[in-house]
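Structure record follows, encoded as structure tokens.
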Amino acid sequence: MKTAIKQIIHDALEKARQAGELELSSFPEIVVEKPKDEKMGDFSTNIAMTLARSERKSPKVIAESVARHLENGELSQAVVAGPGFINIKMSREFFLERLRNVVTQGEDFGKSDAGQGIKILIEFVSANPTGPLHVGHGRGAAVGDALARILKKAGYDLSSEYYINDVGNQMNFLGRSTWLRYRELMGEAIEFPDNHYRGDYIKGIASEIIDQKGDEFLNKPEEDCIPFFRKFAKDNILKGIEKDLSEFRVSFDNWFSEESLYEDKSVEKAVDWLRSQGHVYEKDGAVWLKSSAFDDDKDRVIVKQTGERTYFCSDIAYHQNKIKRGFKKIINLMGADHHGYVPRMEAVLEAMGYDKKIFKILLVQFVSLLRAGEKVSMSTRSGEFETLADVVSEVGVDAARYFFLMRSSDTHLDFDLELAKKETPDNPVFYIQYAHARICSIFRAAEEKGVLYDRSVDLSPLRDDEEFAIIQAILAFPEIVEKSARALEVHRISHYLLDLVSRFHGYYSRHRVISDDELLTQARLFLLDALRITIRNGFELMGISSPEKM
RNA sequence: GCGCCCAUGGCUCAGCUGGAUAGAGCGACGGUUUGCGGAACCGUAGGUCGCAGGUUCGAGUCCUGCUGGGCGCACCA
């Protein structure tokens with residue numbers, strides 16, 4: 001919608017230039033926004049202010065000149081206001097024509113080619129397969145998955161990926177923890193080490209092994225047991241993670257195993273290559289990457305004294321692999337507690353000769369669960385739940401996703417469990433879903449009354465200001481999606497939907513949709529159809545359902 | 001000590017690449033219902049945008065310093 005306005009302004013600038021009123025050695029970028037107050041107009045531009053300096057004229061004079069040349073069949077008024085804003089009103093036809101398009105596009109409404117098919121990889125969650133997903137992972141999962149949906153909608157060629165840390169020390173601890181619990185369950189007295197995984201789920205896995213294998217491992221030496229226990233526990237936990245995610249409506253295009261990078265020698269090759277470039281040196285029996293040469297605080301060990309590779313080392317190979325797969329932009333979501341990791345990853349990319357701008361790490365801040373205003377303890381020890389699956393089973397997928405997505409991801413999130421469950425307008429998910437259900441209900445009522453709804457209906461009976469405010473809000477949706485994609489900010493969608501829907505609730509309470517005026521009824525049904533489509537499409541981007549009845 | 005993030009009405013938060021009189025929701029107070037879902041709507045009160053400088057025609061937004069809070073500074077991830 002705004003691109004049309006930009007074009008009109010552009011034409012006016014051109015005319016002003018031809019008339020000798022403006023120099024315009026270069027055309028500035030035209031910014032179109034909504035005026036502060038809707039009464040001032042449909043759109044406004046500050047173009048005169050940005051031109052003031054280069055034109056050496058006051059913004060007011062420039063604005064007057066541009067406004068004079070603003071003419072277009074679809075434009076109804078252009079006035080200069082304030083320090084030099086040009087406020088523009090468009091004709092009703094301008095909006096109605098575009099509204100018609102919304103219904104024609106249906107579920108495609110909101111799509112754009114802003115991304116120009118650029119290949120993007122987004123990696124998120126990537127929790128170690130050493131335990132179930134907790135609430136923090138849930139936020140990352142919701143944000144990552146929604147971003148993936150948004151970026152696709154905005155025309156990027158997007159792939160999503162989960163990186164599985166399935167090798168290394170953590171896996172050994174996992175295997176050993178399971179093995180110890182196994183022996184314990186078989187009746188041995190075990191002193192369980194503090195640095196092992198103590199969660200109850202380990203006992204569950206151990207007892208599954210007992211079910212399948214009995215006492216087979218009881219009298220074997222540790223070395224002979226660990227590989228089996230490690231793999232069994234990992235597979236079991238990973239299956240659980242996949243299940244939790246899929247129930248949370250989060251899916252990945254690819255699950256990438258760290259182990260595969262060792263199997264195909266990628267890690268070895270990456271280290272050799274870095275060494276050949278002189279980015280690597282040996283000290284204290286370990287191999288170090290000179291990351292400090294690329295703005296990291298210090299150099300980082302990639303091969304330990306023991307000969308084991310660090311996780312950072314395989315991450316190098318992993319990110320090299322991502323780039324080699326042709327991704328032009330690589331997005332990683334991480335918990336904010338890992339932010340110290342950012343400079344060293346950027347250093348790696350620079351060391352490999354890539355522009356670090358292709359790499360974007362999004363830090364997702366912490367989640368505090370609140371129950372009745374009190375913070376729920378997040379410690380593993382406490383009886384209070386903290387896993388994603390528990391939260392989802394309490395409040396449902398829709399509410400959980402909405403709450404994770406309602407705030408900018410770089411601020412801490414207070415997740416109020418009681419509020420999430422409420423079926424009142426305080427709860428934004430229900431408020432929005434209710435609007436959708438209400439619209440569907442109106443359509444049901446119309447059908448009962450025998451009102452014919454047909455998409456080719458004449459829209460000219462729509463003339464109320466409130467109706468046009470809603471239409472404009474609907475038509476802004478593709479721009480919201482684009483901005484959300486560009487800024488990688490999901491919360492804009494939820495704020496947008498809330499605003500959109502509150503306009504509808506107000507409108508609904510003041511106007512009857514179904515009336516004796518058949519033409520008006522049909523036109524209003526059309527408007528509601530477009531609105532319903534917009535709500536659905538917006539919720540779809542957030543992975544939230546749009547129920548027809550509640 | 002060093003680094004990253006945050007700071008906007010009583011509470012939770014928006015504020016798009018700096019733009020017009022800083023906006024919502026909750027809570028508080030007061031209203032609204034013969035009709036399509038009251039699971040809703042309308043109104044009132046409430047803010048030195050943490051503090052101090054700076055850049056700019058213009059700063060909640062950018063820069064510097066400070067204060068307060070969160071997080072991180074491993075041959076752990």
Side-chain angles (χ1 to χ4, degrees), chain A residues 29 31 33-37 40 44 46 49-50 52-53 58-59 81-85 87 126-128 130 165 168-170 173 195 283-288 297-298 300-313 315 334-343 363 365-366 368 370 373 406-408 410-414 416 419 422-428 430-431 433-435 437-446 448-449 451 479-480 482-484 486-487 489 491-492 494-496 498-499 502 504-515 521 524-525 528 549-550:
Chain A
E29 201 198 331
V31 177
E33 48 191 8
K34 293 212 63 111
K36 262 278 179 271
D37 187 335
M40 297 192 278
S44 82
N46 64 349
M49 278 125 98
T50 55
R53 184 169 300 176
S58 85
F85 289 97
N87 290 330
S126 297
N128 286 353
T130 55
N165 287 112
N169 261 332
Q170 299 307 315
F173 278 125
N195 60 353
K283 192 182 88 181
D284 305 332
V287 180
W288 299 67
D297 295 347
K298 51 182 102 169
R300 308 287 171 178
V301 168
I302 53 178
V303 183
K304 303 184 208 172
Q305 274 181 346
T306 59
E308 293 167 295
R309 265 71 60 103
T310 60
Y311 284 89
F312 178 54
C313 187
D315 274 340
M334 303 192 326
D337 51 334
H338 291 160
H339 71 255
Y341 203 72
V342 177
L363 297 173
Q365 296 288 338
F366 282 175
S368 306
L370 263 56
M406 71 199 282
R407 304 285 180 237
S408 157
D410 56 26
T411 60
H412 287 228
L413 172 68
D414 285 336
D416 186 331
L419 178 61
K422 269 200 210 168
E423 305 197 353
T424 64
D426 328 357
N427 181 350
F430 282 88
Y431 184 73
Q433 287 184 324
Y434 177 63
R438 190 177 232 182
I439 293 169
C440 292
S441 159
I442 295 170
F443 272 90
R444 285 192 296 270
E448 275 169 33
K449 291 185 182 172
V451 180
E479 288 146 24
I480 299 292
E482 264 186 59
K483 280 182 189 168
S484 180
R486 200 175 26 182
E489 290 178 348
H491 70 280
R492 292 173 190 242
S494 73
H495 284 280
Y496 165 77
L498 211 48
D499 174 72
S502 79
F504 162 70
H505 284 307
Y507 171 77
Y508 173 87
S509 70
R510 286 181 288 274
H511 304 269
R512 275 195 67 76
V513 174
I514 301 169
S515 66
T521 300
R524 285 182 171 172
L525 283 174
L528 293 202
K549 285 184 185 171
M550 296 173 70

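Atoms considered below: every heavy atom in the structure, side chains included; atoms not considered: hydrogens, waters and symmetry mates. Order of the sequence lines sets the chain letters (A, B, ...), proteins ahead of strands, with each chain counted from 1.
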Please report, rounded to the nearest Å, how far the C1' atom of B/G23 is from the NZ atom of A/K34.
15 Å
Could you tell me whether A/N165 contacts a base, only the sugar-phosphate backbone, or nothing, with contacts defined as non-hydrogen atoms closer than 4.0 Å?
sugar-phosphate
Find the distance A/H412:NE2 to B/G69:P and express it as a whole number of Å.
13 Å
Span that lies between the C1' atom of B/C49 and that of B/A24, in whole angstrom
16 Å
Counting any heavy atom closer than 4.0 Å, what does A/Q305 reach on the DNA or RNA strands: base, sugar-phosphate only, or nothing?
base
Choosing from B/U12, B/U17, B/C71, which nucleotide comes nearest the side chain of A/V31?
B/U17
Check the distance between B/U8's C1' and A/R407's CZ and give it to me in whole angstrom.
14 Å
Among B/C75, B/A20, B/C5, which nucleotide has an atom closest to any side-chain atom of A/Q365?
B/C5
Hey, is the side chain of A/K304 poking within less than 4.0 Å of OP1 or OP2 on B/C76, counting only N and O atoms?
yes
Close side-chain approach of A/R407 and A/Q365, heavy atoms under 4.5 Å:
no
Can you give the dot-bracket line for RNA chain B, using ( ) for pairs inside the strand, [ ] for pairs that cross earlier ones, | for pairs with another strand and . for unpaired bases, where Watson-Crick and G-U count if both distances are under 3.5 Å?
(((((((..((((.....[...)))).(((((.......))))).....(((((..]....))))))))))))....
Rounding to 0.5 Å, atoms OG (A/S408) and CG (A/L413) come to a distance of 10.5 Å
Quick one: label A/P35 by what it contacts on the DNA or RNA (base, sugar-phosphate, nothing), any heavy atom closer than 4.0 Å.
base
In whole Å, measure the gap between the P atoms of B/G15 and B/G9 for me.
16 Å
Please encode protein proximity along nucleotides 30-40 of chain B as a string of B, S and -, counting only heavy-atom distances under 4.0 Å.
-----BBBSBS
Figure out the OH/P separation between A/Y341 and B/G72, and round it to whole Å.
16 Å
Would you kindly check whether a donor in the side chain of A/H338 faces an acceptor in the base of B/G72, or vice versa, at under 3.5 angstrom?
no
NA contact type, A/S408, heavy-atom cut-off 4.0 Å: base, sugar-phosphate, or nothing?
sugar-phosphate
Interatomic distance, NZ@A/K483 vs CZ@A/R492, rounded to 0.5 Å, equals 7.0 Å
Quick one: does A/D337's side chain get under 4.5 Å of A/F366's, heavy atoms only?
yes
Span that lies between the P atom of B/U61 and that of B/U55, in whole angstrom:
15 Å
Among B/C16, B/C4, B/C75, the one nearest any side-chain atom of A/H339 is B/C4
At what distance, to the nearest 0.5 angstrom, does CG of A/N169 lie from NZ of A/K304?
4.5 Å
Reckon A/D410 touches a base, only the sugar-phosphate, or nothing at all at heavy-atom distances under 4.0 Å?
sugar-phosphate
Quantified in whole Å, what is the P atom distance between nucleotide B/A22 and nucleotide B/U56?
24 Å
With RNA chain B as reference, determine whether A/M406 or A/K483 sits nearer its 5' end, using the nearest nucleotide of each.
A/M406
In whole Å, what is the span from the CG atom of A/D297 to the P atom of B/G72?
15 Å
Please state the P separation for the pair B/U17 and B/C62 - nearest whole angstrom.
10 Å
Using a cut-off of 4.0 Å on non-hydrogen atoms, how would the nucleic acid contact of A/A286 be classed: base, sugar-phosphate, or nothing?
base
Does A/H495 have a side-chain nitrogen or oxygen under 4.0 Å from the phosphate oxygens OP1 or OP2 of B/G25?
no
Measure the distance from CG on A/D416 to P on B/G25 and round it to the nearest whole Å.
18 Å
When all nucleic acid strands are considered with a 4.0 Å heavy-atom cut-off, which category describes A/N427: base, sugar-phosphate, or nothing?
nothing
Counting heavy atoms from C-beta on, name the nucleotide in B/C6, B/C73, B/G15 closest to the side chain of A/H491.
B/G15
Looking only at heavy atoms, which two atoms of A/F430 and A/T424 are closest? And how far apart?
CB-O, 4.2 Å
Side-chain donor/acceptor of A/S44 to base of B/A20, under 3.5 Å
yes
Interatomic distance at C1', B/G47 relative to B/G60, whole Å
12 Å
Could you state the interatomic distance from CD1 (A/I439) to CZ (A/R444), rounded to the nearest 0.5 Å?
11.5 Å
Roughly, in whole Å, what's the span from CD in A/E482 to C1' in B/C16?
12 Å
Taking all atoms of both residues into account, what is the closest heavy-atom pair of A/Q305 and A/D284, and its distance?
NE2-O, 2.8 Å
Using the C1' atom as the point on both nucleotides, what is the distance between B/C42 and B/G53, in whole Å?
45 Å
When rounded to the nearest 0.5 Å, the distance separating CE of A/M334 from OH of A/Y341 is 8.0 Å
CG (A/L498) and OH (A/Y431) are apart, to the nearest 0.5 Å, by 7.0 Å
Taking only the side-chain nitrogens and oxygens of A/T411, find out if one of them lies under 4.0 Å from OP1 or OP2 of B/A14.
yes
Note: A/L363 and A/G335 closest approach over all heavy atoms is CD2-O, 4.0 Å
Find the distance A/L413:CG to B/C6:P and express it as a whole number of Å.
16 Å
Span that lies between the C1' atom of B/G69 and that of B/G31, in whole angstrom
41 Å
When we call it a touch if two heavy atoms are under 4.0 Å apart, what does A/N128 touch: a base, just sugar-phosphate, or nothing?
sugar-phosphate
